Amino acid sequence: MALIVQKYGGSSVADAASIKRVAKRIVDTRRAGHDVVVAVSAMGDTTDELLDLAHEVAPIPAPRELDMLLSSGERISMALLAMAIHSMGFEARSFTGSQAGMITDSHHGKARIVDVTPVRLREALDEGAIVIVAGFQGFNRDTRDITTLGRGGSDTTAVALAAALEADVCEIYSDVDGIFTADPRVVPRARKLEVISSEEMLELAANGAKVLYIRAVEYARRHGVLIHARSTFSSAEGTLVVDEKRRGDLAAAFPQLKGDHMEEPVVAGVATDLSQAKITVVGVPDVPGKAAEIFKIVAKSGANVDMIVQNISAASTGRTDISFTLPKADATGALRALAAEQSEVGFESLVHDDQIGKLSVVGAGMRSNSGVSSTLFEALSEGGINIEMISTSEIRISVVLRGDDLAEAAQTVHTAFGLDGEVDATIYAGTGR
Ligand code: ASP
Ligand code: MG
């Protein structure tokens, strides 16, 4: 008997029929003799609809009230799910985030979990009940207010529950079969992975892969939680996201983890990201301190800078260009802040480009294999695709390209690294959540 945490995303509980299907899945797990704790998201697009509604009554809704409103979405799904389980003859009890002991800091809309005190959940489990917890929400002890964890936060709820309850596995259900070597909507020949290291998953999530939320992966890595990403719409095994250091210990329970993983491909996956923009600060005086000035202004605007490239300065002018990428949503604020300081910094102009795409190849095998960058650049060159920026980490190489080229580039690179599957990946209609 194990303790299993399961998380169901909005698309898995979109309507009454889906809720019943999820209830059956939960009951089957219980029937197999396991204790089950479920974190559930709001039904379908409920959170988006509530957000729209909030903006209809107020241009800038008060953060405290917005969290009150958004947290109600998960209350609906958790209660309905508990009812559906009851009607199948099983005991289930639903809990809000605060009842479940999900303690966060006080940042409305993007609260971080600081402690989990699942006293009531343990009691319910001890009494033989299936436990259902509202995802995405918590409680701050100082303000005594309800908080939410940021979009997609139910993944984090599930992982935090798994850590606090020392669950054997945290199963994250969505409408895709697991973690793929690329987004199957972009690269049809993407292959489902049986196993991926949490380190690689973190890089993929940080670079555009949407299948798991980065905060949840971070939390899992920090607390040694084994994630099993799988689909609500099939009973196939999904993908295990595992800390390499724990792989050996877990192999007894999960046969997928046995065997020689030294044979695995150098590149685990290709991530694509269309959510970034590029700003170029043109004609920056090439003297010490200018980059510091520029990025101080950008940081103060609240923008999260990703890649940075500085050109060699033209000897004749003593000026250079500095380009950087950032989330599209942050670009307007950064441009405004820079423009306000133009004469102070002494640059000539600003160029805003929101038609870029970012492609990243990720693989722990890069540490011990040379030639990954040359394979990548060769593939792009054969595809006639121009590279605008490059950045690397120990286990990742990213390039910025034209957004229009991104899908073709991803397919070409996926093939070049030998990642293509035999057949096209199954895509269940939906959002990937
Ligand atoms: N319902 C929230 C959202 O849509 C949380 C989640 O789905 O994980 O962002
Ligand atoms: Mg949702």
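The analysis underlying the following values was restricted to heavy atoms, covering all of them including side chains, and did not include hydrogens, waters or symmetry mates. Please read these numbers as outputs of a predicted model, since none were measured by experiment. Order of listing sets the numbers, starting from 1, for every ligand and every atom in it.
Residue contact check for ligand 1: Gly153 places a non-hydrogen atom closer than 4.0 Å to it. Put simply, no part of Gly10 is less than 4.0 Å from ligand 1, judged by heavy atoms.
Taking the six-membered ring for Trp, His86 and Phe90 have ring centres at least 6.0 Å apart. Checked against the 6.0 Å centroid threshold, Phe324 and Phe295 count as a close aromatic pair.
With a 4.0 Å heavy-atom cut-off, ligand 1 is reached by the side chain of Ser41 but not by its N, CA, C or O.
Scanning Ser71, Ser154, Gly44 for the heavy atom closest to atom 6 (C) of ligand 1 points to Ser154.
For the residue pair Gln6 / Glu171, a side-chain donor-acceptor distance below 3.5 Å is found, with atom types taken as modelled. No donor-acceptor contact under 3.5 angstrom links the side chains of Gln137 and Thr96, judged on distance only.
Of all atoms in ligand 1, numbered sequentially from 1 with element shown, those under 4.0 Å from a heavy atom of Arg151 are 3 (C), 4 (O), 9 (O). Every atom of ligand 1 with a heavy atom of Glu74 under 4.0 Å away is listed here by number and element: 1 (N), 2 (C), 5 (C).
Counting all heavy atoms, side chain and backbone alike, Thr147 lies closest to Thr104 at OG1-OG1, 2.8 Å.
Of the N or O atoms in Asp155, none lie within a sub-3.5 Å distance of an N or O in ligand 1. Distances between N or O atoms of Gly152 and those of ligand 1 include at least one value under 3.5 Å.
Considering Asp306, Thr272, Thr325, Asp273 as possible partners of Lys358, the one that fulfils the side chain to side chain donor-acceptor pair (under 3.5 Å) test is Asp306.
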